[in-house]
Amino acid sequence: MRGSVDGLESSAPIGAMLPAVFADDDLAQRFVAGLDEVIAPILNVLDCLDSYFTPTLAPVDFTHWLGGWVGAETDGTEPETRLREAVAAAAYLHRVRGTRRGLAEAIRLAFGVEPEITESGAADWDARPLGPVPGEHRPRLHVTLRLPDPTPSDEHRLDSLVAAARPAHMPYAVQVIAAERNPER
């Protein structure tokens, strides 16, 4: 939450901009010093405005707001580093939305692990016309996510994410399972 900052000095003090007749007036100088204290945080934000729109530099609370503004797939529970990555990647993800790559990247940013995606589509080229059509006749999409400690809400979140990022015509199924743990030697 933005607010006043104790001891923050104004980058443009009003007292120095007053006409000469008020330069030695103690009351006028104290009055505008109070205004400087109120306006200093606003001027500070304006001086650093480009940093507020750079997810790696913006304050965390502003990054949450920025994520909603750009349509980042976040739910507010992700760690700060993943939040910043998701906000920074939001424009790219909107460009590749509906593709396998876009779906995989959205899931990786949301959960921090790579998903296993199987689908019915395919592409091929043949010099002869009327060759066999690749892929399956019925569209399908299946997403499996292996998490170290899955919770019931993970499957719901994955379902919501896949529903939003998949191709619109594609029926889908999701599955969240526990990842196999490798014992350390």
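Remember, it's a predicted structure, so these values are computed and weren't measured experimentally.
A heavy-atom distance below 4.5 Å is not found between the side chains of Y52 and L66. With contacts defined as side-chain heavy-atom distances shorter than 4.5 Å, the pair E119/Y172 does not qualify. The shortest side-chain heavy-atom distance between V143 and L161 does not fall under the 4.5 Å cut-off. Considering only heavy atoms from C-beta on, F22 stays 4.5 Å or farther from F31 through its side chain. With contacts defined as side-chain heavy-atom distances shorter than 4.5 Å, the pair L83/H64 qualifies. At a threshold of 4.5 Å between non-hydrogen side-chain atoms, the residues T63 and E80 do not count as touching.
R97 forms no cation-pi arrangement with Y92, by the criterion of a distance under 6.0 Å to the ring centre and an angle within 45° of the ring axis.
Looking at E78, its side chain does come within 3.5 Å of a backbone N or O of G76 through a donor-acceptor pair. No side-chain donor-acceptor contact under 3.5 Å links R101 to the backbone of V96. At least one donor-acceptor pair under 3.5 Å links the side chain of H94 to the backbone N or O of V70. When atom types are taken as modelled, the side chain of T99 and the backbone of G102 share a donor-acceptor pair closer than 3.5 angstrom. Panel note: side chain R95, backbone A90; no donor-acceptor pair is recorded below 3.5 Å. Side-chain atoms of R100 come within 3.5 Å of backbone atoms of I117 as a donor-acceptor pair (strictly under, hydrogens ignored).
Applying the side chain to side chain contact (heavy atoms under 4.5 Å, CB included) test to E116 and every residue at least two apart in sequence or in another chain returns T144, R146. By the side chain to side chain contact (heavy atoms under 4.5 Å, CB included) test, I42 pairs with L46, sequence neighbours left out.
A tilted orientation is assigned to the rings of F62 and W65, their planes being inclined by 30° to 60°.
Looking only at atom types and distance, the side chain of T151 has a donor-acceptor partner in the side chain of S153 under 3.5 Å away.
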Assess whether side chain to side chain contact (heavy atoms under 4.5 Å, CB included) is satisfied between Q175 and H142, documenting all intermediate values. CA-CA 8 Å; Q175 181 182 23; H142 188 269; 3.5 Å; yes

As a quick check of understanding, evaluate salt bridge (charged side-chain N to carboxylate O under 4.0 Å, His left out) for R108 and E105, giving each step before the final call. CA-CA 5 Å; R108 187 193 65 76; E105 184 66 13; 2.7 Å; yes

Derivation of the side chain to side chain contact (heavy atoms under 4.5 Å, CB included) call for E155 and V174: CA-CA 7 Å; E155 188 158 343; V174 297; 4.2 Å; yes

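Tracing side-chain contacts under 4.5 Å through hydrophobic residues (I, L, V, M, F, W, Y), one never reaches I177 starting from I107; they form parts of separate clusters.
Applying side-chain contact (heavy atoms from CB on, under 4.5 Å) to Q29 and the options I14, D24, L18 leaves one that passes, L18.
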